[in-house]
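Comments concern the structure below.
These figures come from a predicted structure and were not determined experimentally. In what follows, every chain begins at residue 1, and chains take the letters A, B, ... in the order their sequences are listed.
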2 protein chains.
Amino acid sequence: MTQCGLDVSLSIIGGKWKPLILYHLQDGPTRFSEIRRRVGGISEKVLIQQLRELVAMNVLVRHDHQQVPPVVDYTLTPFGGTLVQALVPLCEWGNQNRARVADML
Amino acid sequence: MTQCGLDVSLSIIGGKWKPLILYHLQDGPTRFSEIRRRVGGISEKVLIQQLRELVAMNVLVRHDHQQVPPVVDYTLTPFGGTLVQALVPLCEWGNQNRARVADML
DNA sequence: GATGGCGCTTACCTTTTGGTATGTTCTACC
DNA sequence: GGTAGAACATACCAAAAGGTAAGCGCCATC
């Protein structure tokens, strides 16, 4: 049986939003406001917070296009990419069990 | 690209402890105190809370052996088993990146 | 010239989550 | 007879996380 590395993963993707954010960055560089729309329900304040933390952990890179009005996008690093892949099964599990879980709430 | 089911999974395993608890239940029925020892660092109050929620979501079953002093154990349901399997990649990811992540903190 | 969008920041407040400490009932052990 | 351990319950408290609301500098559009 593999040793438990969940503590490590959870230290990065812990919290309500990070997994969702990462998921929505799979298609390449994405602008702040676009991420916000895709994730849905998250406030700007919280989104920036989470993005900063992910950048600090080298999961994302922030690219400021130095334009005005501002254009900034966020991209998964290769490291972040491996994380997202580890998230895929959970994503699929959720889809397969959406109805069942909804009934229980 | 698969639709995002992370919201569903997160509604079940959200929080600091649930993934860890599930992980440590992989080897079959486990007693309360044994879970506590395996997880490590969790208080009794919080552990019971989490276990109750997992039982309510049909991820675990609680078996009270009707003995005194009390003997109670918790077991993954088949449903819970599928969830744990979806957690495995994250677990492995954590192991592979433990050193790297530790450096960043 | 008011409005709206961009990517934020700040201050403040509420909710959620987790932690500590203590108590309970009963048995086994020293 | 004092202690320890089983599986909790309860009360209280601290910390973390998240949400709300406002504002900012600048530009484009109506």
Side-chain angles (χ1 to χ4, degrees), chain A residues 6-25 28-57 59-76 101 104-105, chain B residues 6-25 28-57 59-76 105:
Chain A
L6 285 171
D7 54 327
V8 178
S9 338
L10 290 174
S11 72
I12 295 197
I13 55 156
K16 184 174 172 183
W17 298 109
K18 291 206 185 75
L20 257 35
I21 293 171
L22 293 184
Y23 174 83
H24 288 291
L25 281 170
T30 312
R31 295 184 65 176
F32 177 84
S33 49
E34 176 61 18
I35 300 176
R36 197 185 167 196
R37 274 187 292 269
R38 287 193 198 165
V39 171
I42 191 172
S43 71
E44 293 193 338
K45 180 201 134 193
V46 172
L47 179 53
I48 291 174
Q49 246 174 223
Q50 309 295 304
L51 288 172
R52 285 203 190 300
E53 290 174 17
L54 291 168
V55 168
M57 295 304 273
V59 173
L60 302 181
V61 280
R62 182 186 119 109
H63 182 208
D64 187 335
H65 293 247
Q66 303 286 117
Q67 291 176 23
V68 70
V71 175
V72 176
D73 56 45
Y74 294 84
T75 315
L76 283 169
V101 170
M104 290 188 296
L105 302 178
Chain B
L6 286 171
D7 55 327
V8 178
S9 339
L10 290 175
S11 72
I12 297 198
I13 56 157
K16 184 174 174 182
W17 297 108
K18 291 208 186 72
L20 257 36
I21 293 171
L22 293 185
Y23 174 84
H24 288 291
L25 280 171
T30 312
R31 296 184 64 176
F32 178 83
S33 50
E34 178 61 20
I35 300 175
R36 196 182 170 200
R37 275 187 290 269
R38 287 193 198 165
V39 172
I42 191 172
S43 71
E44 292 193 340
K45 180 201 135 193
V46 173
L47 179 53
I48 292 174
Q49 246 173 222
Q50 309 294 303
L51 288 172
R52 286 201 190 300
E53 291 173 18
L54 290 169
V55 168
M57 295 303 274
V59 173
L60 301 182
V61 280
R62 184 185 118 109
H63 182 207
D64 186 335
H65 293 248
Q66 304 285 116
Q67 289 174 25
V68 67
V71 176
V72 176
D73 57 45
Y74 295 84
T75 314
L76 283 169
L105 302 178

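Atom CG of B/L6 sits about 9.0 Å away from atom CD1 of B/I13, to the nearest 0.5 Å. Here CZ of B/F32 is found 13.0 Å from CG of B/D64. Values are rounded to the nearest 0.5 Å. Atom CZ of A/R38 and atom CG of A/L25 lie 7.5 Å apart (nearest 0.5 Å). Atom NE2 of B/H24 and atom CZ of B/R37 lie 13.0 Å apart (nearest 0.5 Å). In this structure, the separation between CZ on A/R36 and OG1 on A/T30 is 16.0 Å, given to the nearest 0.5 Å.
What separates NZ of B/K16 from P of D/dA17 is a distance of 9 Å, to the nearest Å. We find that CD1 of B/I42 is positioned 14 Å from P of C/dT17, with the value rounded to whole Å. Atom CZ of A/R37 and atom P of C/dG4 are 16 Å apart (whole Å). In this entry the distance linking NZ of A/K18 with P of D/dA16 reads 14 Å, nearest Å. One atom, CZ of A/R52, and another, C1' of C/dG7, lie 10 Å apart when rounded to the nearest Å. Between the CG atom of B/L47 and the P atom of C/dG19 there is a distance of 11 Å, given to the nearest Å. Rounded to whole Å, atom P of D/dA6 lies 13 Å from atom CD1 of B/I48. If you take CH2 of B/W17 and C1' of C/dT17, they are 12 Å apart, rounded to a whole angstrom.
Within the nucleic acid shown, B/E34 has no heavy atom closer than 4.0 Å to any nucleic acid atom. At the heavy-atom level, B/E53 lies nowhere under 4.0 Å from the strands shown.
Looking at which nucleotide of DNA chain D each of A/S43 and B/L51 is closest to, the 5′-most match is held by B/L51. Residues A/E44 and A/Q50 both approach DNA chain D. Their nearest nucleotides, taken by heavy-atom distance, put A/Q50 toward the 5′ side.
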Mind listing the side-chain donor-acceptor pairs of residues 41-56 of chain B below 3.5 Å, one per line with the distance, residues two or more places apart or on another chain?
from: B/S43; atom 1: OG; to: B/V46; atom 2: N; distance (Å): 3.3
from: B/Q50; atom 1: OE1; to: B/K18; atom 2: NZ; distance (Å): 3.2
from: B/E53; atom 1: OE1; to: B/K18; atom 2: NZ; distance (Å): 2.7

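Of the candidate nucleotides C/dC6, C/dG18, D/dA7, C/dC6 has the atom nearest to the side chain of A/S33. Comparing atom distances between the B/V46 side chain and each of C/dG19, D/dG19, C/dG7 picks out C/dG19 as nearest.
Close to D/dC8, at under 4.0 Å from its OP1 or OP2, lies no side-chain N or O of B/Q49. The side chain of B/R31 contributes no N or O atom lying less than 4.0 Å from OP1 or OP2 of D/dA6. Residue A/K45 places none of its side-chain N or O atoms closer than 4.0 Å to OP1 or OP2 of D/dA21.
Of the residues in residues 60-70 of chain A, those placing a heavy atom less than 4.0 Å from an atom of DNA chain D are A/V68, A/P69, A/P70, in numerical order.
Counting heavy atoms from C-beta on, the side chains of A/L60 and A/T75 never come closer than 4.5 Å.
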